Amino acid sequence: MQDTHAIMRAKGTLESGSDMSAFFYHSTRNNEQAVTSKQAILQGIAPDGGLYVSDQLGDEPLGLEGLSRLGYHRIAHAVLGTLLGDFSRRELTECIQGAYGTNFDTSAVTPLSPVGPDWLLELFHGPTCAFKDVALQMLPRLMVRAQKRRGTQVMIVTATSGDTGKAALAGFSDVAGTAVTVFYPAGKVSDIQRLQMVTQTGANVAVAGIRGTFDDAQTEVKKLFADRSLNARLARDGVSLSSANSINIGRLAPQVAYYFSAYSQLVKRGAITEGDDIDFCVPTGNFGDVLAGYYAKRMGLPVGRLIVASNTNKVLTDFLATGVYDRRREFVKTISPSMDILVSSNLERLLYYESGGDCELVSHLMGQLAEEGRYDVGSALLARIRESFDADFATDDETRATIRQVWEEERTLIDPHTAVAMHVLRKREPEGRARVCLSTASPYKFSRDVLEALGRDVDGMDGFACMDELQLLTHTKAPAPLARLRNAPIIHHDICYTDEMGAFIEQAAARIFL
Ligand SMILES: *Cc1c(COP(=O)(O)O)cnc(C)c1O
């Protein structure tokens, strides 16, 4: 293995990309079995429950020279060529052109805009108006190319609390060799979120509401992945189940590119000179987005601080202050629902890297989390993590106040998730570095809460009434994919009990694949 590493080590530069490079991946909990990135993408999670990581991350930094001259596609190619080096250059080019072409409403893909002295990195210009598009437009394309010679068809199954389901539907819709089934908790997602899902077109998509909560749906999906007889029946027809969860390396890798893109745009605008450190503030739930920033830093991007912003479910703020990760607390429903998470799965990858690749320690900590609901990393590991990361949080009231303040002062409309991060960023003393706040959703996805934050009474108004009112009030325009929902025919009417979800998946597979 040692020799292969030396030969195949990433030698990516932003100019050339990297045909020769191929990272190997293994579990965060065990480094004995190495897999290629294609295998890691198809499997999603390692067989022992760990997350796939590569020890080659950062071996050879991506050169920054000329970064400011490159567009998004070239940057993405260089980043993915390094992290997913067993895909050919041609495969990556096809994936990138397909994922970040006309389905984003700007050729910059993730444009940067000023907000006071700071910057917003707008990640919501994709087909579902949330940052998950950047990864979920890419993942299906990677999966199809990873499975090319295996002859199986993949059924993606996802339980969603709102945003992920639509992004997965849009990403996998009509991608040959794949199908996607999404379960959402009926009556527990917003009007707009429900319409986004039940109007989804495509011959390979299935959507059902569940009588129950998101957790009920999630628990049942996990059970179905482990259900041997269901999997055997599907396998007989050449169908395998897979997940589009954010722990998949095929979702993480595409997100690294926009950190490089942000840097490139700052240089281009003359806001920084090549080599200057910059800070990123990231609204955080499952820790995928901010971890991608850490990957960028390890790949050579000059990053000062990575600031983890949470809502009232501030497990990560407490963790970064004390070294104790404790999920045993009340789960709070907030106006930034995509960050209502008590177990941030991707943190496991950070623990792996910052412990110097200590699989035994990671295993031990994750075991404690599963059994006792908490773990303590100790002061030495905490200190290492804090060399790169800071954290803070915002309450719902602070989030609303920030939406209003940023609108009144800057005439910039931000969504509640972005507002959490803006609150955290603005509370900090500037340290002389350029600061980029990641903006993860269009404010129009959360029209009701945004309108309320601006001081309007929203009682009795439905999602579209709020959208209209928000346009009138701010003279801004709802993005086309959301405005179009008003006249989109409803295609998916199914509602089922959780114990019917397995049968629903089988029927969908039969309809789509046979
Ligand atoms: C998913 C999501 C987040 C959280 O991102 P993680 O990668 O889970 O930390 C933040 N904002 C929005 C709008 C999201 O959809």
Side-chain angles (χ1 to χ4, degrees), residues 51 110 120-137 139 158-171 184 189-190 192-193 196-197 214 218 244-256 258-259 280-296 306-317 319-320 334-350 389 391 393-394 399 403 413-424 437-447 449-450 479 482:
L51 275 52
T110 60
L120 276 183
L121 182 62
E122 300 178 3
L123 303 176
F124 51 79
H125 289 273
T128 81
C129 309
F131 97 98
K132 289 184 174 65
D133 287 331
V134 180
L136 278 165
Q137 284 294 312
L139 179 67
T158 302
T160 183
S161 56
D163 277 351
T164 306
K166 175 60 182 183
L169 286 167
Y184 69 92
V189 301
S190 77
I192 301 290
Q193 284 177 321
Q196 277 193 299
M197 290 187 274
F214 165 67
Q218 172 94 313
N245 193 290
S246 76
I247 57 170
N248 194 310
I249 190 72
R251 268 188 70 175
L252 185 61
Q255 294 176 223
V256 178
Y258 52 69
Y259 285 89
F280 290 97
C281 186
V282 187
T284 297
N286 213 18
F287 207 76
D289 202 359
V290 72
L291 185 76
Y294 175 77
Y295 272 48
L306 289 162
I307 304 152
V308 178
S310 299
N311 62 28
T312 308
N313 298 292
K314 60 181 184 65
V315 190
L316 289 166
T317 312
F319 170 67
L320 277 147
T334 72
I335 60 168
S336 45
S338 297
M339 295 157 66
D340 289 345
I341 285 180
L342 294 181
V343 178
S344 300
S345 311
N346 268 301
L347 186 63
E348 184 170 342
R349 286 192 165 105
L350 180 67
F389 289 88
F393 74 104
T399 305
I403 291 173
L413 203 55
I414 56 176
D415 97 289
H417 302 79
T418 307
V420 166
M422 276 304 284
H423 170 81
V424 167
C437 178
L438 273 60
S439 183
T440 49
S442 159
Y444 279 95
K445 261 201 110 159
F446 301 93
S447 296
D449 290 311
V450 171
L482 298 180

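Remember, predicted model here, so these are calculated numbers, not experimental data. Order of appearance sets the numbers: ligands from 1, and atoms from 1 within every ligand. As a basis for the values below, the full set of heavy atoms in this structure was taken, side chains included, without hydrogen atoms, waters or symmetry mates. Residue indices begin at 1 and follow the sequence shown.
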Number the atoms of ligand 1 from 1 as they appear, then name those within less than 4.0 Å of a heavy atom of [X], with their elements.
X: Thr440; result: 10 (C), 11 (N), 12 (C), 13 (C)
X: His417; result: 11 (N), 12 (C), 13 (C)
X: Gly288; result: 6 (P), 7 (O), 9 (O)
X: Ala441; result: 13 (C)
X: Asp163; result: 13 (C), 15 (O)
X: Thr284; result: 9 (O)

Which protein heavy atom lies closest to [atom], and at what distance to 0.1 Å?
atom: atom 15 (O) of ligand 1; result: Lys132 NZ, 2.5 Å
atom: atom 3 (C) of ligand 1; result: Phe131 CE2, 3.6 Å
atom: atom 8 (O) of ligand 1; result: Asn286 N, 2.7 Å

task = Starting from the C-alpha separation in whole Å, work towards a yes-or-no answer on side-chain hydrogen bond (donor to acceptor under 3.5 Å, both in side chains) for Asn286 and Ser344.
result = CA-CA 4 Å; Asn286 213 18; Ser344 300; 5.2 Å; no

message = So, 4.0 Å and heavy atoms of Pro283: is ligand 1 close enough to count as a contact?
response = yes

inquiry  = Is there a polar contact between ligand 1 and Asp289, counting only N or O atoms under 3.5 Å apart?
reply    = yes

inquiry  = Check this for me - ligand 1, Gly285, N or O atoms closer than 3.5 angstrom, yes or no?
reply    = yes

ask   = What pair of heavy atoms forms the shortest contact from Pro254 to Val134, and how long is it?
value = CB-O, 3.9 Å

inquiry  = For the backbone of Ile247 and the side chain of Arg349, can you confirm whether one donor and one acceptor N or O come within less than 3.5 Å of each other?
reply    = yes

query = Would you find a donor on one side and an acceptor on the other, under 3.5 Å apart, between the side chain of Ser442 and the backbone of Tyr444?
reply = yes

request  = Measure the SG-CD distance between Cys129 and Gln196 for me, rounded to the nearest 0.5 Å.
outcome  = 6.5 Å

ask   = Judged by modelled atom types alone, do Thr158 and Thr160 share a side-chain donor-acceptor pair under 3.5 Å?
value = no

task = Under the side-chain hydrogen bond (donor to acceptor under 3.5 Å, both in side chains) rule, what do Asp289 and Tyr258 come out as? Steps first, then yes or no, please.
result = CA-CA 10 Å; Asp289 202 359; Tyr258 52 69; 2.5 Å; yes

Part of Phe287 with heavy atoms under 4.0 Å of ligand 1, whether side chain, backbone, both or neither = backbone

inquiry  = Would you say the ring centers of Phe131 and Phe124 fall short of 6.0 Å from each other?
reply    = no

task = Assess whether side-chain hydrogen bond (donor to acceptor under 3.5 Å, both in side chains) is satisfied between Arg251 and Asn248, documenting all intermediate values.
result = CA-CA 5 Å; Arg251 268 188 70 175; Asn248 194 310; over 6 Å; no

